[in-house]
Amino acid sequence: MQYSKEVINHFTAPHNQGVISNPDGVGMVGNPTCGDLMKIYIKVKKDAKRGEVISAIKFETLGCASAIATSSMITDLAKNKTIQEATKITRDDVAEALNGLPPIKIHCSNLASEALVAAIEDYKKKK
Amino acid sequence: MKNNKIYLDYAATTPVDAEVLKTMLPYFSEEFGNASSLHSFGRNSADAVFNARLNLAHFFKCTGEEIVFTSGATESNNLAIKGVLRAYNKNNKKLPADERKKPHIITTVFEHSCVLKTCQKLEKEKKIDLTYLPVYSDGVIKIADLEKAIRENTLLISIMYVNNEIGTVQPISQIGKLLAHINEQREEKIIFHTDATQAVAYFDTNVKRLGVDLLSMSAHKIYGPKGVGMLYVKKGTKITQIQDGGAQEFALRAGTLNSAGIVGLGKAIEVLEKNKKKETKKIKELRDYLINKILKEVSNVRLNGSRSKRSPNNINLSFSDVEGESLLLYLDAGNIAASTGSACSSGSLNPSHVLLALGLKPEQAHGSLRISLGKYTTKKELIIFIAKLKKVLEKLRKVSGEILKEYYSKKK
Ligand SMILES: Cc1ncc(COP(=O)(O)O)c(C=O)c1O
Ligand code: FES
């Protein structure tokens, strides 16, 4: 099993890692039994033209290299997107942006898109 | 080591010792004969194999005819279990139908996969009854459990000497004594096999003292080449070959002998025997230095498996709030090679069966790191490793934050 350079880059220097102290939405998914827990925080701003835009996004992850890299990548992909656009980001988009994932690591990218959707759902519920 | 890389994965494999390599080299292209051939080319190979056999016989305190060369411990373990079963079935078939008995095998929950999967498959095919002995939090089996597990139809007991992940030592010679006693009263003797792959470099390998009938090992764990190993088969043990073909190795293992590899194994054993005591002491001191330092200076860490009943070269730790594959790859990026029992690095989604058998929570098993030392390990390497480990843990624990704690508080 080999990771792409892009995975290693995101894994060794993750983007958007950390906590948002007053988030508008939070999503936590995963389960320690299989080894991964992922949490995504979002801040949403109303933009006159575009509607609700994710203005800030951060993550915390307990998991393998692929779990950390997909968390980092999905936060990059979702930043400055409207919540409609962000909801449509699939695990394939994440895997593709990372120049592919080993087959057994696909579920890690699944987790990333689930965490993002959960954060957006949480935002919608709260508003 | 080369390029400033630090290798702390000697339980996975070891580099070939320079002296061993030198001894092997002529047997690839100059002395290339088939050890079964009658001409001088063959004789030269056969002589070299003979000498290697003597080295092993001297080391294990047995005769040359009791040494069966194989392609490694995986094959030795397969041969031990399936070969004993095959011999039993051959005999069983001759009995009247109502006297035939399905044989029973006892093993442990934390064997190497080549033993576990062999046994599991035979059970699934309804060829054997199978009992797994439990291990406790110290990573050691209890003799009382074994005694209780023995049945009238018990054919074989297979218990590893030193566990490859957590390095814990099983009471092989005590089991040997117990079985000698039990077998005195039995007509059909129970056969005792041990996978000694991880034990050969550091523990007593006198097969008489151990009281074993079969013992497996691999050359590449003791600074010999990969792809060669041995099964000790005590004279009189009821076992047949499982691979059909030539009559090599006393008709127990068909196939042209890997003469260069066998020469390497013979030399590796000779070198080991010379330095075993000194090396064991040195490596044990390094291990204790590392364990003490880490337990003192790193937070939220546990040592997996007994501290005292432990191989001199093994340190298995679980760190909270990090995952093993991440840890391993961060260390690798810092030129340090170690190993983990996390599922994420193994290609399956379940963490190490060994660590779960000790009663660890899945996340503790996922957060495990195995460090295994060898004869080239230095204290300086360990000092560099500890410094790097601290940095890597700090970084990964920052990435995971309080996520695990939060998960459990929400679940309540
Ligand atoms: C305890 C134990 N048994 C068996 C094996 C298998 O050895 P090999 O891969 O050389 O056949 C190993 C090595 O990984 C081991 O540690
Ligand atoms: S966290 Fe285990 S495979 Fe990704």
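Residue numbering restarts at 1 for every chain, and letters A, B, ... go by the order of the sequence lines.
- Ion pair B:E325/A:K105 flagged as a salt bridge, since at least one NZ, NE, NH1 or NH2 atom sits closer than 4.0 Å to an Asp/Glu carboxylate oxygen.
- The nearest pair of heavy atoms linking B:Y330 to A:P14 is OH-CD, 4.2 Å.
- Summarising the geometry, atom CG belonging to A:L62 is positioned 10.5 Å from atom CZ belonging to B:R397; distances are rounded to the nearest 0.5 Å.
- Side-chain contact between A:T61 and B:S400 is absent, with no heavy atoms from C-beta onward closer than 4.5 Å.
- Among all heavy-atom pairs drawn from B:S326 and A:G63, the shortest one is OG-O, 2.6 Å.
- Between B:E363 atom CD and A:D36 atom CG the span is 12.0 Å, to the nearest 0.5 Å.
- B:L404 places a side-chain heavy atom less than 4.5 Å from the side chain of A:L37.
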Q: Carefully, step by step, assess B:E406 and A:K39 under the rule side chain to side chain contact (heavy atoms under 4.5 Å, CB included).
A: CA-CA 10 Å; B:E406 191 187 323; A:K39 189 173 178 186; 2.3 Å; yes
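- Across A:P32 and B:P362, no two heavy atoms sit closer than the pair O-CB, 4.0 Å.
- Inter-residue side-chain proximity for B:K398 and A:Q17 is flagged as met; some heavy-atom pair is nearer than 4.5 Å.
- Within the model, atoms CG of B:D332 and CD1 of A:I8 stand 8.5 Å from one another, a figure rounded to the nearest 0.5 Å.
- In this structure the side chain of B:I403 reaches within 4.5 angstrom of the side chain of A:M28, judged on heavy atoms.
- For the salt bridge (charged side-chain N to carboxylate O under 4.0 Å, His left out) condition, the pairs that include at least one residue of residues 65-91 of chain A, sequence neighbours left out, are A:R50-A:E85.
- Annotation: B:E297, atom CD; neighbour count of heavy atoms from other residues, nucleotides and ligands within 6.0 Å is above 12.
- Rounding to the nearest 0.5 Å gives a distance of 6.0 Å between CZ of A:F11 and CG of B:L396.
- Other residues, nucleotides and ligands contribute more than 12 heavy atoms inside 6.0 Å of the NZ atom of A:K126.
- With a 6.0 Å radius and a threshold of 12 heavy atoms from other residues, nucleotides or ligands, B:E125 has its CD atom above the threshold.
- The distance from atom OG1 of A:T12 to atom CG of B:L329, rounded to the nearest 0.5 Å, is 10.0 Å.
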